[in-house]
*Asks:* 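Before anything else, here's the structure in question.
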Amino acid sequence: QEKVNRIRAQHRINVHGCDVPDPLCTFEELQSEYRLHSRILQNLNDAGLDSPTPIQMQAIPLMMHVNKDTSILTLCLGVCPTGSGKTLAFCLPLLSHLQQPANLGFRAVIISPTRELATQTYRELLRLSDGVGFRVHIIDKASLAAKKYGPQSSKKYDILVSTPNRVIYLLNQDPPALDLCSVEWLIVDESDKLFEEGKTGFREQLATIFLACSGPKVRRAFFSATCTPDVEQWCRLNLDNLVTVNIGHRNT
Ligand code: ADP
Ligand code: ADP
Ligand code: MG
């Protein structure tokens, strides 16, 4: 435990919550401890990603270990709030958790504040999972998506990346043009941006998305570059079993 505390202190990793697993020191541990597909590890190496960043060190094992109905809030503060590697911090455990493609419909949803960010995340997922066969989708045209993901679909998809508007649009069709009942992971990226003033509508959108993710094992993770009181307060009020990780400062 002393060793763990030293590693956390060294990387300025602060955790709050019960049963937080030890930080990950190498990506190889993902294979030995969590049965990450060897091809994904290879893709990581091919991309020149050798060792995890502080946020990845703690967020990855946390996402691998959480029980259902646990929520995670991850904040990157201090030195380098952006470019800290948050995308990989949630994409890797997501892929590891899903293990392999399945025809169950979307099992993971990632909400991004802008189309650009959604596209970046989508590309990252494709690059990471190259050769594994996960079906990653991004909603381009809501009208086309309605046909594609609707009740008649064959459910041959695994991961959805989207801005909130498009998901809401599909959920609000009658009958809903998007089925999220198989979702096991709901990720909200850049949640500070989504909760920003002027986008108060996001709280309602999030409530709609939460309701639609009606499956028995939904886990949620919020990633944020800054610790705005908005996000933290909302999470504390609305999420049970909240575990928080922050990098770069101590707020105890
Ligand atoms: P954030 O979302 O925290 O702003 P990103 O996930 O966009 O950061 O990552 C920023 C850059 O860092 C990307 O180019 C990404 O490929 C790179 N990166 C992420 N993780 C690592 C790592 N473990 N080692 C080296 N580079 C990394
Ligand atoms: P985003 O904001 O996610 O980039 P858009 O606003 O471009 O998405 O929406 C894409 C499509 O979905 C458009 O055809 C738009 O008409 C429809 N759409 C999005 N949100 C709504 C909404 N709240 N009500 C009705 N239609 C919507
Ligand atoms: Mg990011």
Side-chain angles (χ1 to χ4, degrees), residues 7-8 10-15 22-34 36-64 72-96 108-130 136 138 159-164 185-196 199 202 206 220-228 230-232 235 244-249:
I7 295 171
R8 287 204 180 113
Q10 188 187 345
H11 298 279
R12 310 221 282 159
I13 299 169
N14 306 290
V15 295
D22 294 352
L24 180 85
C25 292
T26 66
F27 285 132
E28 282 68 29
E29 288 169 44
L30 281 171
Q31 197 172 17
S32 53
E33 298 204 13
Y34 305 111
L36 178 75
H37 201 293
S38 58
R39 180 64 194 259
I40 295 178
L41 198 63
Q42 188 194 319
N43 293 340
L44 267 179
N45 290 334
D46 290 351
L49 305 171
D50 305 320
S51 56
T53 64
I55 188 68
Q56 292 162 6
M57 291 174 74
Q58 191 61 74
I60 291 172
L62 192 54
M63 281 183 61
M64 292 308 300
I72 302 171
L73 171 61
T74 309
L75 308 161
C76 285
L77 308 153
V79 224
C80 66
T82 60
S84 53
K86 287 191 287 295
T87 316
L88 204 60
F90 60 77
C91 288
L92 264 182
L94 200 75
L95 293 173
S96 184
V109 176
I110 301 165
I111 303 293
S112 293
T114 66
R115 284 190 220 179
E116 263 174 347
L117 266 171
T119 307
Q120 278 175 30
T121 304
Y122 170 74
R123 293 209 182 108
E124 181 89 14
L125 280 166
L126 289 183
R127 180 174 72 155
L128 272 177
S129 68
D130 184 44
V136 187
I138 184 162
I159 304 171
L160 181 66
V161 188
S162 180
T163 49
W185 266 113
L186 174 63
I187 312 275
V188 181
D189 191 18
E190 307 267 348
S191 43
D192 46 345
K193 293 222 177 58
L194 287 162
F195 278 95
E196 248 170 32
K199 289 198 178 173
F202 181 63
L206 196 55
R220 304 165 181 134
F222 289 72
F223 284 78
S224 171
T226 56
C227 177
T228 60
D230 270 358
V231 180
E232 194 153 19
C235 286
T244 66
V245 176
N246 65 61
I247 308 293
H249 94 154

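Start at 1 and go down the list; that is how both ligands and their atoms are numbered. It should be emphasised that the depicted structure is a prediction, and the values quoted were computed from it without experimental measurement.
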*Asks:* Hey, are E196 and K193 close enough for a salt bridge, meaning a charged N less than 4.0 Å from a carboxylate O?
*Replies:*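 A salt bridge is absent here (no side-chain N lies under 4.0 Å from a carboxylate O).
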
*Asks:* Does an N or O anywhere in K86 fall below 3.5 Å from an N or O of ligand 1?
*Replies:*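 Yes, since at least one N or O of K86 sits under 3.5 Å from an N or O of ligand 1.
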
*Asks:* For Q56 and L24, work out which heavy atoms get closest and say how close.
*Replies:*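 Closest heavy-atom pair between Q56 and L24: O-CD2, 4.5 Å.
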
*Asks:* Is the closest N or O pair between S84 and ligand 1 shorter than 3.5 Å?
*Replies:*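 Yes; the residue has a nitrogen or oxygen that sits under 3.5 Å from a nitrogen or oxygen of the ligand.
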
*Asks:* Below 3.5 angstrom, do we get any N/O pair linking G85 and ligand 1?
*Replies:*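 By distance alone, the answer is yes.
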
*Asks:* Answer whether the closest heavy-atom distance between the side chains of F90 and F222 falls below 4.5 Å.
*Replies:*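 A side-chain contact under 4.5 Å is absent here.
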
*Asks:* Before signing off on this row, confirm whether E190 and ligand 1 have an N or O atom pair separated by under 3.5 Å.
*Replies:*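 No; the residue has no nitrogen or oxygen that sits under 3.5 Å from a nitrogen or oxygen of the ligand.
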
*Asks:* List ligand 1 atoms under 4.0 Å from L88, heavy atoms only on the residue side.
*Replies:*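 Those atoms are 20 (N).
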
*Asks:* Using a 4.0 Å heavy-atom cut-off, say whether Q120 meets ligand 1 through its side chain, its backbone, both or neither.
*Replies:*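 It is neither; nothing of Q120 touches ligand 1.
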
*Asks:* Using a heavy-atom cut-off of under 4.0 Å, does the side chain or the backbone of F27 touch ligand 1, or both, or neither?
*Replies:*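 Only the side chain of F27 comes within reach of ligand 1.
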
*Asks:* Charged N to carboxylate O under 4.0 angstrom, R127 versus D46?
*Replies:*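 So R127 does not pair with D46 through a salt bridge.
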
*Asks:* Is it true that atom CZ of R123 has more than 12 heavy atoms of other residues, nucleotides or ligands lying nearer than 6.0 Å?
*Replies:*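 No, CZ of R123 has 12 or fewer neighbouring heavy atoms, counting only those of other groups under 6.0 Å.
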
*Asks:* Partners of P54 by side-chain contact (heavy atoms from CB on, under 4.5 Å), sequence neighbours excluded?
*Replies:*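 Counting only residues at least two positions away or on another chain, P54 forms a side-chain contact (heavy atoms from CB on, under 4.5 Å) with H11, I13, I247.
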
*Asks:* Determine whether any heavy atom of S51 lies closer than 4.0 Å to an atom of ligand 1.
*Replies:*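 Right, S51 reaches ligand 1.
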
